[in-house]
Amino acid sequence: MDVRQHLRSALETALVDTALEVCPETISVERPANPEHGDWSTNIALATAKRAGRKPRELAEALAARLNAVLPTHVESVEVAGAGFINFCLSPSWLHETLRFVVAAGTQGFARSRIGAGRSVNIEYVSANPTGPLHAGHGRWAAYGDSLARLFEHCGYAVTREFYVNDRGKQTQLFGESLAARKAGEDPPEGGYLGEYISEWAEDMPADADPVEWGLQRAHQDQLEVLASMNARFDYWASEKGLVDSGAVEEILNTLDELGYVYILEGATWLRTTQFGDSQDRVLIKSDGQPTYFLPDIAYHHQKYSRGELLIDILGADHHGYVSRMSAALQMLGHPAGHYEALIGQHVTVLQDGRKARLAKRAGKMVQARELVELAGADVARLTFLLQSIDTTQTIDVDLVVAESNENPVYYVQYANARVHSLARRARQRQVALRPLQKVDLSLLTHQRELALLRVLSELPNTVERAMRARAPHQVTTWSRECAAALHGFWHDCPILRDDVDEQLCQARLWLSEATRIGLSVGLGLLGVSAPESM
RNA sequence: GCCCCCGUAGCUCAGUGGAUAGAGCGUCGGUUUCCUAAACCGUGCGUCGCAGGUUCGAUUCCUGCCGGGGGCGCCA
């Protein structure tokens with residue numbers, strides 16, 4: 001049940017009945033911050049008064065009178081307040097109905113949306129160079145990208161998760177040469193990789209191995225392990241080398257040339273990206289005959305459309321300038337502008353020993369994602385990355401995260417989940433059988449804590465859809481924390497299995513706990529964080 | 001110089017154009033004969049960076065400025 005929709009249609013009817021000709025496309029119904037303003041509120045009178053040529057307050061009064069004449073289900077009263085707000089006061093029965101709705105949907109169905117049905121999206125994330133381990137910053141994209149994918153899936157989209165492996169080119173060569181040099185007991189070449197891991201890996205490398213081939217495999221394996229430990233999945237690993245070898249890159253160059261977007265200047269081959277809003281044209285093939293990173297990347301993105309109608313790239317802030325040229329190239333190839341979306345995440349600053357740690361692979365020491373996961377745990381690492389918006393730079397003090405991992409919000413949420421499971425176990429131990437929900441009197445749930453918890457649960461479907469639209473998984477984190485807080489409050493103030501609790505009330509509360517289990521399970525699942533049954 | 005992100009409580013951060021802007025941490029104090037105290041409750045004098053604008057209404061949208069971060073390569 002969607003109470004918003006319920007109130008919206010009631011308002012629509014009232015608008016028609018008051019013969020108001022101006023009907024807005026969207027009627028905003030929201031939860032007021034102040035409980036004195038009722039359970040739900042709408043600004044419709046304020047929003048449409050001018051166009052309707054009436055005073056807001058007067059219009060609100062007219063609508064309220066209509067609604068009060070025949071009260072919609074669950075609505076106890078409709079009042080006008082302030083400049084022209086219409087406030088709805090609802091009977092707790094709407095929350096009791098929410099509980100039945102949550103239980104009926106279960107962990108598989110609750111808070112799912114159909115808005116993505118029949119649509120597909122391709123999400124490329126992390127895509128770190130296969131020349132070393134993932135650093136802590138990559139962890140942010142792993143957590144974010146995977147959770148975003150889960151959100152899309154929950155909203156009905158067919159999702160493909162991709163990782164683009166840049167397994168050819170100059171960096172790959174330098175990487176191989178650095179490994180070979182360390183193997184021979186020498187220093188890496190000019191511009192090579194200086195990280196400690198190069199020496200460690202070189203030791204493991206067989207003498208007869210091809211340093212590039214072996215190194216790429218080693219790095220890929222290392223990255224795959226860490227990503228798996230963080231619960232970040234991938235459906236498709238795209239190889240740049242494979243793409244080049246297949247001739248797809250040459251083909252795309254010919255296509256762009258035939259379309260008239262390619263020209264040669266000073267020995268280099270250029271693409272007229274300025275025709276599609278880029279600030280300058282870009283080089284496809286350097287004057288030394290080597291393609292830039294850009295050219296195979298165009299071919300790659302073009303191909304990706306066979307694996308999703310909407311392409312989403314998750315990129316770090318340092319790649320911001322890259323977006324307009326890719327967008328331009330894809331439009332040249334006939335892909336509508338809205339079918340390519342680059343989500344730019346701000347950087348992660350890692351503090352270790354109170355100092356900023358280097359994140360560059362080529363420079364010496366760096367904080368690896370692996371370290372973070374091993375020190376803090378996968379759940380802590382993952383939720384830490386999903387605490388805040390990717391529009392903000394995130395500072396992770398490794399020592400603090402590890403030292404205070406017990407105070408990490410993830411435990412607050414997981415503990416709520418553990419309590420719910422603990423309750424079910426105790427109920428079984430005490431031979432308290434859970435009766436079918438149809439036979440339980442939910443109207444006994446009247447305590448403020450019970451109603452608050454139900455209100456939070458009722459918000460999850462809306463939160464999921466909003467978070468998907470905003471590409472903001474952290475909104476699910478915020479919801480999960482609120483849900484846990486509501487559960488802890490309920491737990492503290494509302495005894496369930498105690499001897500002095502009425503048997504009917506006990507049943508109702510057990511079902512509320514069960515609904516909470518479902519909500520937390522969905523929330524944590526979207527975040528890729530485990531939901532332990534005991535702690 | 002141009003482009004992107006940020007600026008909200010001591011700190012870290014939420015915040016869908018709405019009414020009295022919220023959490024966590026930290027501070028100080030309280031709660032357990034009872035289902036897990038990894039919990040709960042109380043305790044906050046905030047120029048929502050500054051100045052304009054749009055609006056019935058702006059922390060939210062627009063413009064300019066200030067401050068912090070990132071980008072402006074025939075690197076990836």
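Here is the naming used below: chain letters follow the sequence lines, and residue numbers restart at 1 for every chain.
Not one side-chain nitrogen or oxygen of A:Tyr415 sits closer than 4.0 Å to the OP1 or OP2 atom of B:rC40. Between A:Arg498 and B:rU33 there is no side-chain polar atom (N or O) within less than 4.0 angstrom of OP1 or OP2. A sub-4.0 Å separation between OP1 or OP2 of B:rC56 and a side-chain N or O of A:Lys55 is absent. Residue A:Arg449 places at least one side-chain N or O under 4.0 Å from the OP1 or OP2 atom of B:rC41. For the OP1/OP2 pair of B:rC3 and a distance below 4.0 Å, the side-chain nitrogens and oxygens of A:Ser279 include no atom meeting the criterion.
A:Lys304 and A:Glu124 are joined by a salt bridge, as a carboxylate oxygen and a charged side-chain nitrogen come within less than 4.0 angstrom of each other.
A cation-pi contact, defined as under 6.0 Å to the ring centre and within 45° of the axis, is absent between A:Arg282 and A:Trp270.
Within the 4.0 angstrom heavy-atom criterion, base atoms lie near A:His37.
Donor-acceptor pairing under 3.5 Å is lacking for the side chains of A:Gln171 and A:Asn166.
Taking the nucleotide of RNA chain B with the nearest heavy atom to each of A:Phe294 and A:Ile86, the more 5' of the two is matched to A:Ile86.
In this structure, of B:rA38, B:rA37, B:rA76, it is B:rA38 that holds the atom nearest to the side chain of A:Tyr411.
In this structure, B:rG64 and B:rC50 make a Watson-Crick or G-U wobble pair, each of the two defining distances being under 3.5 angstrom. The base-pairing partner of B:rC72, taking Watson-Crick or G-U wobble contacts with both distances under 3.5 Å, is B:rG1. Searching all strands for a Watson-Crick or G-U wobble partner of B:rU59 with both distances below 3.5 Å returns nothing.
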Query raised in the report: Could you write nucleotides 5-18 of chain B as a row of B, S and -, 5' to 3', where a protein heavy atom under 4.0 Å of any base atom gives B, of only sugar-phosphate atoms gives S, and otherwise -?
Result: SS------SSSB-B
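Taking atom C1' in both B:rG70 and B:rC74, the straight-line distance is 23 Å, to the nearest Å.
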